[in-house]
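Okay, so here's the structure we're looking at.
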Amino acid sequence: MLVAGVVILDANSLQVVESVVIQDTVEFPYIPGLFSFRELPPLVRAFKELKTTPQLVVCDGQGIAHPRRFGLASHLGVLFDIPTIGCGKTRLLGEYKEPAHQRGAYSPLIDQGEIIGGVLRTQPNIKPIFVSIGHGISLPTACTWITKLSPKYRLPETTRQADQLVNKVSAELNRSR
DNA sequence: GCGACAG
DNA sequence: ATCTTGTCGC
């Protein structure tokens, strides 16, 4: 069983505009590099229930910072033809130097001589996150957006709100069983 | 063969 | 992701 959530926030106030949570049964296991095979189906189901069409999507996973340069965020962006950003808490691949300890600073994530993403410091002296292009956006613009969406915590508000919603639902789901 | 490895 | 205690800080 898997619970997937999508939360839409207003870009300026960062207040929740709409949210969708679905529960699905997935058979495909988690395999690094094949994340989409497991997470995309339920995510697509959740997206189809949205009444609002998002102008930008922040995904919990990588974009082109992927062995085939096509992670979950890239996949979702192409499917719905919507700008997307891959935003992971940990690294899938690539080498990098520690970014400056200042909010908004980021250093390039490199693989095979290519810049596949940015290691972004969203909060001063806090472990950075891994940002990469998903679809229809540049890396600098993606980093600017993620920084703007993370005014107080390490992770962007979009991800935090979605996580909280999912945890809440899955918690009361267990309690009744 | 060994180590690395989004969630 | 999950397991898992106390602890530090706003």
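Naming convention: chains lettered A, B, ... in sequence-line order (proteins, then strands); numbering from 1 in each chain. Bear in mind that the values here come from a model prediction, so they are computed numbers and not experimental data. All values below were derived from every heavy atom in this structure, side-chain atoms included, with hydrogens, water molecules and symmetry-related copies excluded.
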Is_stacked (Y30(A), dG7(B)) at 5.5 Å, 30 deg: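 Ring-base stacking flag set for Y30(A) and dG7(B).
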
Summary of side chain to side chain donor-acceptor pair (under 3.5 Å) pairs that have at least one residue in residues 51-60 of chain A, sequence neighbours excluded: E18(A)-T52(A), D60(A)-K89(A)

Which part of the nucleic acid, if any, lies within reach of [X] when heavy atoms closer than 4.0 Å are counted: base, sugar-phosphate only, or nothing?
X      : result
L2(A)  : nothing
G71(A) : base
G33(A) : base
L72(A) : base

Can you tell me how far [atom2] of [N] sits from [atom1] of [X], to the nearest Å?
X       : N       : atom1 : atom2 : value
D111(A) : dA6(B)  : CG    : P     : 14 Å
Y153(A) : dC10(C) : OH    : P     : 13 Å
H66(A)  : dA4(B)  : NE2   : C1'   : 15 Å
H75(A)  : dA6(B)  : NE2   : C1'   : 15 Å
L92(A)  : dG7(B)  : CG    : C1'   : 11 Å
Q123(A) : dG9(C)  : CD    : P     : 17 Å
I116(A) : dA6(B)  : CD1   : P     : 13 Å
Q62(A)  : dC5(B)  : CD    : C1'   : 11 Å

Intermediate values then yes/no, side-chain contact (heavy atoms from CB on, under 4.5 Å), L72(A) and Q62(A): CA-CA 6 Å; L72(A) 180 66; Q62(A) 314 294 336; over 6 Å; no

R91(A) side-chain proximity, nearest of dA6(B), dA4(B), dG7(B): dA4(B)

Of the listed nucleotides dA4(B), dA1(C), dA6(B), the one nearest the side chain of K89(A):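 Side chain of K89(A) sits closest to dA1(C).
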
Quick check: do [X] and [Y] have side-chain heavy atoms less than 4.5 Å from each other?
X       : Y       : result
Y30(A)  : P32(A)  : yes
R69(A)  : D111(A) : yes
I129(A) : L155(A) : yes

Side-chain (H66(A)) to main-chain (G33(A)) donor-acceptor, under 3.5 angstrom: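 Judged by distance alone, yes, a pair lies under 3.5 Å.
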
Dot-bracket encoding per residue of DNA chain C, Watson-Crick/G-U cut-off under 3.5 Å, | denoting interstrand: ..........

Phosphate contact (dG7(B) OP1 or OP2) by T90(A) side-chain N/O below 4.0 Å: yes

Residues E157(A), K148(A): salt bridge by 4.0 Å N-O rule: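 The answer is no: the pair does not qualify as a salt bridge.
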
Residue whose nearest DNA chain C nucleotide is more 5′ - N167(A) or K152(A): N167(A)

